[in-house]
Amino acid sequence: MVPHGETPGQVAASLARARREGLESACLEAELRAGLPRGLLLAIASRETRCRDVVGDGGHGRGYFQIDDRSHAAFLRRHGVLESGVPPLREAAGYAAALVAGNLAFGRGKGVHDARLLRFALSAYNAGAGSAIKAYRAGDSDRPTAHGNYGRDVLARLRIVQAWLDGAPVPRTRPTIREGSRGKAVLELKRRLAARSTGPVRFAATPVWGKPLTEAVREFQRASGLDDDGVVGPDTWSALDLLVGPG
């Protein structure tokens with residue numbers, strides 16, 4: 001999945017600027033304290049502001065994480081920026097981390113499937129937990145979010161952020177694939193499914209997708225709480241990243 005409105009290279013460039021401004025260290029510290037995936041707050045800041053410390057959303061969104069003055073007035077007032085300005089970076093990172101952690105706990109308590117929990121928490125960061133859980137139960141927690149893709153987009157950015165933090169090449173965009181597809185993406189899919197398998201692998205390590213791989217994909221999708229349509233798109237790739245680890 002391509003980051004919304006940007007190329008992976010543009011995302012990486014904004015991260016490099018953010019590093020110079022101290023955003024990287026503030027995010028990593030807050031993530032560690034809150035028990036969040038490494039790089040998640042940077043991915044949120046990338047989506048919200050392209051990692052800029054600005055006032056946005058008609059004057060309501062404040063700072064890198066666009067903390068909204070209508071929903072989070074007490075936090076902004078505490079730091080003297082309710083009427084104007086942006087909150088201190090480290091305090092804002094800690095507050096954003098607490099919001100995501102709270103959304104994770106809320107989703108877990110409401111029975112959100114583990115494979116969709118992080119995306120749910122991100123949807124809730126943008127649209128609110130009540131709207132996100134209602135949409136999740138209707139099939140897609142992102143439905144009420146900006147552009148209808150907030151959680152998916154932040155997870156796509158997270159892959160780029162984690163590669164950037166590790167000094168690795170920016171991850172390529174992964175296509176939607178299905179039975180009959182051929183190429184490197186099919187090989188990556190087979191490698192990832194084989195890595196999580198506890199029994200014999202039923203498909204050959206070739207770049208061709210046949211029926212045995214379709215069944216393996218459907219089994220994985222059912223186990224991950226996804227629609228078992230046998231098509232590997234953004235949701236299935238994200239579930240593989242969460243359960244197997246980024247490739």
Side-chain angles (χ1 to χ4, degrees), residues 1-4 7-9 11-12 36-40 43 104 107-108 111-123 135-143 148-247:
M1 183 176 175
V2 178
H4 181 81
T7 67
V11 171
L36 299 178
R38 177 172 172 261
L40 185 64
L104 287 168
R108 195 175 290 114
V112 175
H113 195 285
D114 285 349
R116 295 189 179 186
L117 186 57
L118 184 55
R119 193 176 112 187
F120 166 82
L122 295 168
S123 300
Y136 169 81
R137 288 171 175 164
D140 183 3
S141 65
D142 266 346
R143 198 165 293 155
N149 67 0
Y150 189 91
R152 288 191 297 273
D153 183 49
V154 173
L155 290 176
R157 291 168 186 270
L158 180 59
R159 291 185 66 236
I160 298 168
V161 169
Q162 289 178 336
W164 178 81
L165 288 170
D166 293 336
V170 171
R172 68 188 185 281
T173 300
R174 293 180 297 193
T176 296
I177 55 177
R178 53 179 55 81
E179 189 170 322
S181 296
R182 296 169 175 262
K184 291 181 179 179
V186 174
L187 280 173
E188 180 183 356
L189 172 63
K190 288 182 174 182
R191 177 179 62 79
R192 287 170 165 276
L193 289 174
R196 70 175 296 277
S197 176
T198 57
V201 176
R202 292 168 288 171
F203 44 81
T206 66
V208 180
W209 183 326
K211 290 190 181 299
L213 181 59
T214 300
E215 286 308 308
V217 166
R218 285 178 171 156
E219 287 177 10
F220 173 78
Q221 289 172 326
R222 286 193 291 271
S224 300
L226 303 173
D227 294 335
D228 59 342
D229 58 5
V231 177
V232 177
D235 288 347
T236 303
W237 283 122
S238 294
L240 284 163
D241 287 343
L242 289 171
L243 298 182
V244 182

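Note: hydrogens, waters and symmetry copies are ignored here, and every other heavy atom, side chains too, is used.
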For this session: Specify the closest pair of heavy atoms between Ala163 and Pro169, including all atoms of both residues, with the distance to one decimal.
Result: CB-O, 3.5 Å
Exercise. Judged by atom type as modelled, is there a donor-acceptor pair below 3.5 Å linking the side chain of Lys190 to the main-chain atoms of Pro207?
Worked result: no
Problem set entry | Residues that Asp229 engages under side-chain contact (heavy atoms from CB on, under 4.5 Å), provided they are two or more places apart | Gln221, Val231
For this session: To the nearest 0.5 Å, tell me how far Thr214 OG1 sits from Glu179 CD.
Result: 3.5 Å
For this session: List the steps, then state whether salt bridge (Lys or Arg N to Asp or Glu O under 4.0 Å) holds for Glu215 with Lys211.
Result: CA-CA 6 Å; Glu215 286 308 308; Lys211 290 190 181 299; over 6 Å; no
For this session: State whether the number of non-hydrogen atoms from other residues, nucleotides or ligands found under 6.0 Å of Asp227 atom CG is greater than 12.
Result: no
Exercise. Sub-3.5 Å donor-acceptor pair from the side chain of Tyr136 to the main-chain atoms of Leu117, do we have one?
Worked result: no
For this session: Can you spot which of Asp142, Asp153, Val154 makes a side chain to side chain contact (heavy atoms under 4.5 Å, CB included) with Leu122?
Result: Val154
Exercise. With the threshold set at 4.0 Å, does a side-chain nitrogen-carboxylate oxygen contact exist between Asp140 and Arg116?
Worked result: no
Problem set entry | Taking every non-hydrogen atom, the tightest pair across Arg157 and Ala43 | CD-O, 3.8 Å
Problem set entry | All salt bridge (Lys or Arg N to Asp or Glu O under 4.0 Å) counterparts of Arg202, not counting sequence neighbours | Glu219
Exercise. Would you call Val201 and Leu193 a side-chain contact if the rule is heavy atoms closer than 4.5 Å?
Worked result: no
Problem set entry | For Leu226 against Ala239, the heavy-atom pair lying closest together | CD1-CB, 3.9 Å
For this session: Count the heavy atoms belonging to other residues, nucleotides or ligands that lie under 6.0 Å from CZ of Arg222, then report whether that count exceeds 12.
Result: yes
Exercise. Any idea which heavy atoms bring Arg119 and Leu155 closest together, and the distance?
Worked result: CB-CD1, 3.8 Å
Exercise. What's the spacing between Asp166 CG and Arg38 CZ if we round to 0.5 Å?
Worked result: 4.5 Å
Exercise. Say you draw a straight line from CG of Leu213 to CZ of Arg218; how long is it, rounded to the nearest 0.5 Å?
Worked result: 11.0 Å
Exercise. Judged by atom type as modelled, is there a donor-acceptor pair below 3.5 Å linking the side chain of His4 to the main-chain atoms of Tyr150?
Worked result: no
Problem set entry | Gap separating the CG atom of Leu189 from the CH2 atom of Trp237, nearest 0.5 angstrom | 5.0 Å
Seminar exercise, completed: Heavy atoms of Gly39 and Leu165 approach each other most closely as CA-CD1, 4.0 Å
For this session: Quick one: closest heavy-atom pair of Trp209 and Val186, and the distance?
Result: N-CG1, 4.0 Å
